There are 2 protein chains.
Amino acid sequence: MKEKAAPEKAVPPKQTDMLLRQFIGYNMKRAYLQIQDDMAETLEPLGLRIGTFSALAVIMASPGISQTQLSEVLNIKRSGVVVVVDDLERAGAVQRTPVQTDRRAYALQVTPAGKALWARAEQAVQAHEAALFADLDADERRALQDLLVRAARSGAKHRKGTDG
Amino acid sequence: MKEKAAPEKAVPPKQTDMLLRQFIGYNMKRAYLQIQDDMAETLEPLGLRIGTFSALAVIMASPGISQTQLSEVLNIKRSGVVVVVDDLERAGAVQRTPVQTDRRAYALQVTPAGKALWARAEQAVQAHEAALFADLDADERRALQDLLVRAARSGAKHRKGTDG
DNA sequence: GACGTATTGTTATGTCAATAAACAATTATC
DNA sequence: GATAATTGTTTATTGACATAACAATACGTC
């Protein structure tokens with residue numbers, strides 16, 4: 001069920017993605033897609049997707065946050081936040097609370113059920129990452145975290161001049 | 001032009017994505033999206049997208065490769081390869097060559113123009129990554145590369161059991 | 001207080017990359 | 001030689017976004 005007829009000369013000894021492996025972007029993409037797929041599988045039984053999981057985390061950490069603020073933290077547009085919050089509200093995990101000082105805005109709150117859901121989700125993802133990165137010891141995992149944060153920062157800084 | 005009316009109690013001192021920063025997946029996503037956007041900008045003047053750039057690299061490294069094999073290397077479906085190869089062929093960078101032993105398949109070849117294009121693209125992306133990761137020294141970049149490869153491998157291994 | 005402007009959340013629509021499903025032509029297998 | 005599998009392709013669908021317009025509300029200035 002693998003190679004059969006097709007040109008045998010192709011895909012010889014050496015790796016076919018040799019020329020791509022030199023790039024951080026390529027390796028980052030491969031790692032990211034792997035992790036993302038696994039993460040989605042982990043969250044699915046809890047009724048969460050990556051987007052709703054992330055939003056729930058932010059609202060947990062910042063109760064009363066507005067949808068506009070949430071969109072800035074998550075780096076998506078306000079219109080995108082609507083469907084995410086709709087989803088979380090439909091699941092009973094989050095509530096749109098009126099803001100006294102501004103009747104346009106909602107203050108987002110995590111319900112008790114939402115807090116319980118977050119506890120389960122956080123634990124599930126922690127366990128998942130622990131299993132996923134079993135090959136990396138604690139030091140290596142810390143190093144990876146640090147390098148990823150710095151890479152993102154570096155990208156953001158570099159981007160400042162060209163994204164406007 | 002940033003925060004104004006909205007609930008001041010929200011987004012207090014601490015980071016609103018505190019609960020997410022513990023996860024490698026979150027930091028990976030942020031870094032990846034940064035890099036991907038920048039990469040697309042770098043390739044655009046050359047008439048390439050990330051997908052076509054990657055395909056060109058693989059065909060460079062494995063002349064005569066078939067579209068099915070290419071789809072396996074790039075981790076996309078055969079139907080997705082069609083548009084990528086169409087694009088590269090339209091640009092005159094790649095050619096679909098008939099295979100003697102199998103009249104269904106094409107052996108993909110990079111044209112002279114395609115080789116020149118690859119040389120320019122490879123150099124552009126190398127320069128781009130050098131600038132993008134200027135904050136990381138050579139050792140750190142190597143370490144990041146290594147950790148990303150191992151993370152992807154770890155994910156793939158972990159996935160073996162659950163993706164069927 | 002009244003005016004124009006800005007902001008919040010929302011809806012509708014588009015985009016982009018990728019998948020899924022079906023297909024004709026060809027090849028492999030028994 | 002009949003049946004099954006494979007290659008590349010087309011068409012339709014998905015998902016996760018962005019864009020653009022909108023009503024309701026708030027702000028800034030006179």
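Bear in mind that the values here come from a model prediction, so they are computed numbers and not experimental data. The chains referred to below are lettered A, B, ... by the order of the sequence lines, with proteins before strands, and numbering in each begins at 1.
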[X] [atom1] - [N] [atom2] separation (whole Å):
| X | N | atom1 | atom2 | result |
| --- | --- | --- | --- | --- |
| A/N75 | D/dA16 | CG | P | 17 Å |
| B/L70 | C/dA18 | CG | P | 12 Å |
| A/D87 | D/dA16 | CG | C1' | 13 Å |
| A/Q69 | C/dT8 | CD | C1' | 11 Å |
| A/K77 | C/dT11 | NZ | C1' | 17 Å |
| A/E44 | D/dG15 | CD | P | 11 Å |
| B/L43 | C/dA17 | CG | P | 12 Å |
| B/Y106 | D/dT6 | OH | P | 20 Å |

Picking from [options], which would you name as closest to the side chain of [X]?
| X | options | result |
| --- | --- | --- |
| A/R104 | C/dT10, D/dT9, D/dT25 | D/dT25 |
| A/V82 | C/dT27, D/dT9, C/dT11 | C/dT11 |
| B/T68 | C/dT19, D/dT7, D/dA18 | D/dT7 |
| A/A105 | C/dG9, D/dA18, D/dT6 | C/dG9 |
| B/Q67 | D/dG8, C/dT19, C/dA17 | D/dG8 |

Which donor-acceptor pairs under 3.5 Å do the side chains of residues 79-93 of chain A make with protein atoms, sequence neighbours left out?
unit_1 : atom_1 : unit_2 : atom_2 : d
A/D86  : OD1    : A/R96  : NH1    : 3.0
A/D86  : OD1    : A/R96  : NH2    : 3.0
A/D87  : OD2    : A/R49  : NH2    : 2.4
A/E89  : OE1    : A/R96  : NH1    : 2.6
A/E89  : OE2    : A/R96  : N      : 3.1

Do other residues, nucleotides or ligands put more than 12 heavy atoms under 6.0 Å from A/Q109 CD?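 Enclosed.
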More than 12 heavy atoms of other residues, nucleotides or ligands under 6.0 Å from CD of B/E122: is that the case?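 Yes, enclosed.
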For B/Q36, give me all partners under side chain to side chain donor-acceptor pair (under 3.5 Å), at least two apart in sequence or on another chain.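 So B/Q36 forms a side chain to side chain donor-acceptor pair (under 3.5 Å) with B/Y32.
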Contact nearer the 5' end of DNA chain D, comparing A/V84 with B/V85: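 Its nearest nucleotide lies further toward 5', so the answer is B/V85.
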Between B/V83 and A/R49, just flag the one whose closest nucleotide in DNA chain D comes earlier from the 5' side.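 By nearest-heavy-atom nucleotide position, the 5'-most residue is B/V83.
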Of B/Q100 and A/V81, whose nearest nucleotide on DNA chain C comes first from the 5' end?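 Going by which nucleotide is closer to the 5' end, it is A/V81.
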Please compare B/R78 and B/G51 by the position of their nearest nucleotide in DNA chain C and report the one closer to 5'.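 Comparing both residues, the 5'-ward one is B/G51.
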Strictly below 4.0 Å: does B/K29 bring a side-chain N or O up to OP1 or OP2 of D/dC17?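 Yes, because at least one side-chain N or O of B/K29 sits under 4.0 Å from OP1 or OP2 of D/dC17.
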Touch class at under 4.0 angstrom, heavy-atom based, for A/R103 against every strand present: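 Here A/R103 touches the backbone only, sparing every base.
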Got a salt bridge between B/R141 and B/E129, using NZ or NE/NH1/NH2 to carboxylate O under 4.0 Å?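 A salt bridge is absent here (no side-chain N lies under 4.0 Å from a carboxylate O).
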